[in-house]
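Here, residue 1 is the first one in the sequence, and each next residue gets the next number.
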Amino acid sequence: MNQEIAALFATHHLRATSSRLAILRIFQDASVPLAPAEITKRYPSIDKVSVYRTIDTFKKIGLLTSVAHGWKQRYELAAPFRPHHHHLLCDMCGAIEEIQSEKLEQLIHLIADEYAFTVKSHMFEVNGICRNCQANTD
C-alpha cells in the first residue's frame, strides 16, 4: 500500500485488514473496471458480502469510482490513484476498453470555455459494439 492510500485509510480510521489489502491489490492489478463477482473469483476465500462492503467503503473514501455498463456497475481505482482515462463499452459482449485521448481532453475544455464553465471533473463513456463483436456479426 502506497503512502497516499495509507494516509487515506488513516484519515477515515480504516484498518488495513488482509481482506481490504487483497481487494485493493486486485484493483491495482486490473486493467479494466471490475464487477464484484470478478473480485470473488480472484479472491475466493472472501465472502461476497465482504467484497460488497469493501467496495462500498472504498467508494465512500474516494479510492474507487464506478463505471455503469447497462444495469451493472463495475469499479476501478479513482484518480489520483490511476491515470485519468475514459471508456469504450461494448453493448454485446460487455468488454470495456480504456482510452486516453489528449484531443478529447482539449475538446472537453473547449466546450466548457464556450459555456464559461469551470470543469472540476468529468467522465466520458461511449457505448457501442467492439471490433470483435463486429467481426463476429458479419
Are [X] and [Y] close enough that some pair of their side-chain heavy atoms sits under 4.5 Å apart?
X	Y	answer
Pro80	Glu4	yes
Val126	His87	no
Val67	Gln73	no

At what distance, to the nearest 0.5 angstrom, does [atom1] of [X] lie from [atom2] of [Y]?
X	Y	atom1	atom2	value
Ile108	Phe124	CD1	CZ	6.5 Å
Thr65	Glu76	OG1	CD	6.5 Å
Ile96	Cys90	CD1	SG	10.0 Å
Leu88	Asn127	CG	CG	9.5 Å
Leu107	Leu110	CG	CG	6.5 Å
His12	Leu63	NE2	CG	9.5 Å

So side chain to side chain donor-acceptor pair (under 3.5 Å) across residues 92-112, not counting sequence neighbours, yields Arg82-Glu98, His84-Glu105, His86-Glu105, Glu105-His122

Table please: side-chain donor-acceptor pairs of residues 48-61 below 3.5 Å, with sequence neighbours left out.
unit_1 : atom_1 : unit_2 : atom_2 : d
Ser50  : OG     : Asp47  : OD1    : 2.9
Thr54  : OG1    : Ser50  : O      : 2.8
Asp56  : OD2    : Lys60  : NZ     : 3.2
Thr57  : OG1    : Arg53  : O      : 2.9

| For Ile129, does its backbone N or O pair with a side-chain atom of Gln134 as donor and acceptor, under 3.5 Å? | yes

Let me have the donor-acceptor pairs involving side chains of residues 21-46, under 3.5 Å, with sequence neighbours excluded, atom names and distances please.
unit_1 : atom_1 : unit_2 : atom_2 : d
Glu38  : OE1    : Ala35  : N      : 2.5
Thr40  : OG1    : Ala37  : O      : 2.8

